[in-house]
Participant: 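Quick one: the structure is below, and I'll ask about it shortly.
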Amino acid sequence: MIILVLNSGSSSIKYQLFNIEEQEQLLAKGIVERIGIEGGALKHCVNGVSQLIVEKSIPDHTVGLKLIFDHLTSAEGGVLKELSEIDAVGHRVVHGGELFKESIVINDNVKQQVVECAELAPLHNPANLKGILSVEVLLPDVQQVAVFDTSFHQTMPKHAFLYGIPYQFYEKYKIRRYGFHGISHKYVAQIGAKLCNKEFTKSKIITCHLGNGASITAIENGESIDTSMGFTPVTGLMMGTRCGSLDPGILLFLEEKEQLSIRGISSLINKQSGLQGISGISSDMRDIEQAAGEGIYRAQLALDMYVYRLRKKIASFIGALDGIDMLVFTGGIGENSYRVREEVCKKLSFLGLQVDSHRNMETCGQTGIISSHESSVSVAVVNTNEELVIARETYGILNNTNKG
Ligand code: ADP
């Protein structure tokens, strides 16, 4: 069964094509960028090797998708003889609100509900929907499945997902913690559990997804019981350019002192804060680590704040879980930065948690256990693979639906 996975953004479409029944083989992947703006381009890779880069104007998502299809079936770099070989399309959909607790086969009703959730994710859901509608135009007979970034967190109890503001705003506008990165948190927890000989459905696990965006999740017996991102993905941990948790009074103060508009505040908390805002150098952890190594004060400060805030959040989630069996790191920083992992774990030794420094330094960009044999808590690094999860979900759901 050939499954195309699409992650449609407002001006880009990332794609991966899997032959799911042939050992989940990745046939091709790539990205269409700058849709609707000058400088449109397609980058297409086969077997991990960049095959070609096409630069041309891409006015909308349907044209972008057509370009992807042309290259999937082209003589050079093509991996399919014809498009009809694609059996199904799985979409990453960012926000499923309270409506979607699981992945689902897309029909008119689902599309309408994705539109309803767009109020909660105005940058993401409309773009996800454009991807779905473009597939309908170009591959009208193919079944599509939506996999939501928020679904895994729908098991959080009310006392964890509500904010301390008047209850009427939850009832009226559904203001609550939703959480994101759910596809990744669930996947790395399951892989980590297998690796460390734990039962996913009988363990207390904390997963740290540390990419440009970052969040951590407390998982009890296979269910998310709390997570650090909230109503939006700007809160929780300090990130590349996002501020993470913040006293909301600061924004009221700045609005007055700096005459900041709503747009200005949005840019401040989403684009100018985090590692970038503190260091004044970069939002990229590699640059921050290098600059800190060269003794640049604000880079070291950004690193210290990043680690401190992450460790504090982990400790608070240990409280939420009443214990911890396993800690998992993933995302670009979690998978690669042995320094961040070491610094975070160092002051969790009161738990009996011990990281083996050799294993930690060796495990960069790959999956492995980094805790010592004596550690009372297993610590693992797991390479996340959200596209593969979407392909598996799509396969699983369609197999069940078509059988039923
Ligand atoms: P996204 O959230 O956009 O998918 P990634 O998961 O790719 O992002 O993570 C990007 C982050 O990972 C950047 O801050 C980058 O600096 C960091 N990163 C990647 N490789 C390394 C490395 N070797 N050491 C430290 N940080 C790294």
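Since this is a predicted model, take the numbers as computed values, not measurements.
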Participant: Taking the side chain as C-beta and beyond, is there a heavy-atom pair between L6 and L4 under 4.5 Å?
Facilitator: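 In short, these two side chains touch, coming nearer than 4.5 Å.
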Participant: Apply ring-ring contact (aromatic ring centres under 6.0 Å, His included) to F100 and list each qualifying residue two or more places apart in sequence or on a separate chain.
Facilitator: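 Only F148 meet the ring-ring contact (aromatic ring centres under 6.0 Å, His included) criterion with F100.
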Participant: Could you check whether any side-chain N or O of S10 sits under 3.5 Å from a backbone N or O of L123, counting only pairs where one atom can act as donor and the other as acceptor?
Facilitator: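 Looks like no, no N/O pair under 3.5 Å.
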Participant: When you check the gap from the basic side-chain N to the acidic O, do D226 and R177 get nearer than 4.0 Å?
Facilitator: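 Judged by the 4.0 Å cut-off on N to carboxylate O distance, D226 and R177 do form a salt bridge.
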Participant: With a 6.0 Å cut-off (strictly less than), is the heavy-atom count around CD of E294, excluding the residue itself, greater than 12?
Facilitator: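 Check passes, neighbour count above 12.
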Participant: Going by heavy atoms in the side chains, are V340 and F329 under 4.5 Å from each other?
Facilitator: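 A side-chain contact is absent here, since even the closest heavy-atom pair is not under 4.5 Å.
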Participant: Can you run down the ring-ring contact (aromatic ring centres under 6.0 Å, His included) pairs that involve residues 288-317, sequence neighbours left out, and say none if there aren't any?
Facilitator: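 The answer is none; no pair qualifies.
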Participant: Is I281 close to R298 at the side-chain level, that is, under 4.5 Å between some pair of heavy atoms?
Facilitator: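 R298 does not reach I281 side chain to side chain.
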Participant: If we only count heavy atoms from C-beta on, is the F180 to T150 side-chain gap below 4.5 Å?
Facilitator: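 SC-SC contact between F180 and T150 confirmed.
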Participant: Please determine if E343 and K346 form a salt bridge, counting it only when a charged side-chain N lies under 4.0 Å from a carboxylate O.
Facilitator: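 Yes, this pair counts.
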Participant: Can you name the side-chain contact (heavy atoms from CB on, under 4.5 Å) partners of N212, sequence neighbours left out?
Facilitator: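 For N212 there are no side-chain contact (heavy atoms from CB on, under 4.5 Å) partners, ignoring immediate neighbours.
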Participant: Show your reasoning for whether side-chain hydrogen bond (donor to acceptor under 3.5 Å, both in side chains) applies to H181 and S215.
Facilitator: CA-CA 7 Å; H181 291 143; S215 66; 2.8 Å; yes
Participant: Could you check whether any side-chain N or O of D325 sits under 3.5 Å from a backbone N or O of I205, counting only pairs where one atom can act as donor and the other as acceptor?
Facilitator: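 No, D325 side chain to I205 backbone: no donor-acceptor pair under 3.5 Å.
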Participant: Check whether more than 12 heavy atoms from other residues, nucleotides or ligands sit under 6.0 Å from atom CD of E98, and answer yes or no.
Facilitator: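 Yes, because the 6.0 Å sphere around CD of E98 holds more than 12 heavy atoms from other groups.
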Participant: If you count the non-hydrogen atoms of other residues, nucleotides and ligands that lie under 6.0 Å from CD in E22, is the total more than 12?
Facilitator: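 No.
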Participant: Would the number of heavy atoms belonging to other residues, nucleotides or ligands and lying under 6.0 Å from CD1 of I165 be above 12?
Facilitator: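 Counting other residues, nucleotides and ligands, CD1 of I165 exceeds 12 neighbours.
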Participant: Should the pair K29-E387 be classified as a salt bridge under the 4.0 Å nitrogen-to-oxygen rule?
Facilitator: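 Result for this pair is no, no salt bridge flagged.
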Participant: Is any side-chain heavy atom of E136 closer than 4.5 Å to a side-chain heavy atom of L133?
Facilitator: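 They are in contact (side-chain heavy atoms under 4.5 Å apart), so the answer is yes.
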Participant: Going by ring-ring contact (aromatic ring centres under 6.0 Å, His included), name the pairs with one or both residues in residues 233-258, residues two or more places apart or in two chains.
Facilitator: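 Applying ring-ring contact (aromatic ring centres under 6.0 Å, His included) to every pair that reaches into residues 233-258, excluding sequence neighbours, yields nothing.
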Participant: What pairs with H71 under ring-ring contact (aromatic ring centres under 6.0 Å, His included), at least two apart in sequence or on another chain?
Facilitator: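 Partners of H71 by the ring-ring contact (aromatic ring centres under 6.0 Å, His included) criterion come out as none, since no residue qualifies.
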Participant: Would H95 and Y178 count as a close aromatic pair, with their ring centres under 6.0 Å?
Facilitator: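 They qualify: ring centres under 6.0 Å apart.
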Participant: In a table with atom names and distances, give each donor-acceptor pair under 3.5 Å that connects a side chain of residues 187-200 to protein atoms at least two apart or in another chain.
Facilitator:
none

Participant: Nearest 0.5 Å, please: how far is CG in N270 from SG in C243?
Facilitator: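 Here the interatomic distance stands at 7.5 Å.
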Participant: Go through the structure and list residues passing ring-ring contact (aromatic ring centres under 6.0 Å, His included) with F169, not counting sequence neighbours.
Facilitator: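 So F169 forms no ring-ring contact (aromatic ring centres under 6.0 Å, His included) with any residue.
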Participant: D108: which residues meet the salt bridge (charged side-chain N to carboxylate O under 4.0 Å, His left out) condition with it, sequence neighbours left out?
Facilitator: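 D108: salt bridge (charged side-chain N to carboxylate O under 4.0 Å, His left out) contacts with K111.
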Participant: Restricting to side-chain contact (heavy atoms from CB on, under 4.5 Å), what partner residues turn up for T155, sequence neighbours left out?
Facilitator: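 With sequence neighbours excluded, T155 shows a side-chain contact (heavy atoms from CB on, under 4.5 Å) to E223, S224, given in chain and number order.
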Participant: Is S337 close to E289 at the side-chain level, that is, under 4.5 Å between some pair of heavy atoms?
Facilitator: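 In short, these two side chains touch, coming nearer than 4.5 Å.
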Participant: Can you confirm if the NZ or CZ of K172 lies within 45° of the ring axis of Y170 and under 6.0 Å from the centre of its six-membered ring?
Facilitator: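 No cation-pi geometry.
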Participant: A side-chain contact here means heavy atoms from C-beta on lying under 4.5 Å apart; do I314 and C208 qualify?
Facilitator: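 They are in side-chain contact.
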Participant: Got a sec, which residues hit side-chain contact (heavy atoms from CB on, under 4.5 Å) with T241, two or more places apart in sequence or on another chain?
Facilitator: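 For T241, the residues satisfying side-chain contact (heavy atoms from CB on, under 4.5 Å) (neighbours in sequence not counted) are Q276, S283.
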Participant: Give a yes or no answer on whether the side chain of E335 reaches the backbone of G331 with a donor-acceptor pair at less than 3.5 Å.
Facilitator: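 Side chain of E335 to backbone of G331, a donor-acceptor pair under 3.5 Å: yes, one is there.
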Participant: Run the side-chain hydrogen bond (donor to acceptor under 3.5 Å, both in side chains) test on T217 and H209 for me, step by step, so that the C-alpha distance in whole Å, both residues' side-chain angles and the decisive distance to 0.1 Å come before the verdict.
Facilitator: CA-CA 8 Å; T217 296; H209 178 108; over 6 Å; no
Participant: For the backbone of E386 and the side chain of S184, can you confirm whether one donor and one acceptor N or O come within less than 3.5 Å of each other?
Facilitator: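 Here the side-chain-to-backbone pair does not exist.
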Participant: Is there side-chain contact between L251 and L268, with heavy atoms separated by less than 4.5 Å?
Facilitator: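 When only atoms from C-beta onward are counted, L268 and L251 do touch, with a gap below 4.5 Å.
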Participant: Sequence neighbours excluded, which residues qualify as ring-ring contact (aromatic ring centres under 6.0 Å, His included) partners of F18?
Facilitator: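 Residues passing ring-ring contact (aromatic ring centres under 6.0 Å, His included) with F18: none at all.
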Participant: Would you please say whether a donor-acceptor pair under 3.5 Å links the side chains of E119 and Y173?
Facilitator: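 On atom types as modelled, these side chains do not qualify, holding no pair under 3.5 Å.
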Participant: E33 side chain to K14 main-chain N or O, any donor-acceptor pair under 3.5 Å?
Facilitator: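 Checking the backbone N and O of K14 against the side chain of E33, no donor-acceptor pair under 3.5 Å is found.
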Participant: With D87, which residues qualify under side-chain contact (heavy atoms from CB on, under 4.5 Å), at least two apart?
Facilitator: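 With sequence neighbours excluded, D87 shows a side-chain contact (heavy atoms from CB on, under 4.5 Å) to M1, I2, given in chain and number order.
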Participant: Between K204 (side chain only) and L321 (backbone N and O only), is there a donor and an acceptor less than 3.5 Å apart?
Facilitator: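 Answer holds: yes.
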